[in-house]
Structure formats: structure tokens, C-alpha cells
Q: 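This is the structure, below, for whatever I ask next.
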Amino acid sequence: MIAPKMTEEEFDATFTYTLDVLLATMAEEPEIDPEKFYSMACVLENLRFFSPVLYGALRGKED
């Protein structure tokens, strides 16, 4: 079965939700060092910023 194509808006919403869940899960984990949490939060923020680029790269491979 071939998955239906996702629009850029759907990709962005799903990607943002996933990154938010990751961040919330890390924030609730007491074993994670605050400095490492901050660094990972910055990485996730940058991934969110480049969401349109990631979508374009993934779409380019499908076409």
C-alpha cells in the first residue's frame, strides 16, 4: 500500500507536533542534564526552522 502524499502544511504540523512531544518528554525526564536539555532544545528549534527545507528534500526524492 502506498501512503498518500502529505501536503507541506500537514508535514509542518506533524513535524512541529513531534518536536514538541520530544521536548516535553525530555523536560519531564529528571536524568537529563539541564545543559544537555538546552542544547537539544536548540537543535530541535533549528530543525523546526528548517522544516520547509526538509519537506522539499523529502518531496524531491519521491518525485
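Quick caveat: nothing in here was measured; it's all calculated off a predicted structure.
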Q: Which distance, rounded to the nearest 0.5 Å, do you find between the CE of M26 and the CG of L44?
A: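 It is 5.0 Å, given to the nearest 0.5 Å.
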Q: What's the separation between atom SG in C42 and atom CG in L47, rounded to the nearest 0.5 Å?
A: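 Rounded to the nearest 0.5 Å, the SG-CG separation comes to 11.5 Å.
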Q: Considering only residues two or more places apart or on different chains, which pairs with a residue in residues 10-33 satisfy salt bridge (charged side-chain N to carboxylate O under 4.0 Å, His left out)?
A: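 Output for this query lists D12-R48.
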Q: With heavy-atom distances below 4.5 Å as the criterion, would you say the side chains of M40 and L23 are in contact?
A: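 SC-SC contact between M40 and L23 ruled out.
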Q: I'd like to check the ring-ring contact (aromatic ring centres under 6.0 Å, His included) partners of Y55; sequence neighbours left out, ordered by chain and number.
A: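 ring-ring contact (aromatic ring centres under 6.0 Å, His included) list for Y55, sorted by chain: F11.
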Q: Passes side-chain contact (heavy atoms from CB on, under 4.5 Å), E8 versus R59? Steps please.
A: CA-CA 9 Å; E8 186 171 354; R59 288 294 301 187; over 6 Å; no
Q: Tell me, with the steps shown, if E45 and L19 meet side-chain contact (heavy atoms from CB on, under 4.5 Å).
A: CA-CA 8 Å; E45 183 179 359; L19 294 179; over 6 Å; no
Q: How is the hydrophobic cluster of V53 composed, in terms of its other members, when Ile, Leu, Val, Met, Phe, Trp and Tyr link through side-chain heavy atoms under 4.5 Å apart, directly or indirectly?
A: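 Direct or chained contacts put V53 with F49, F50.
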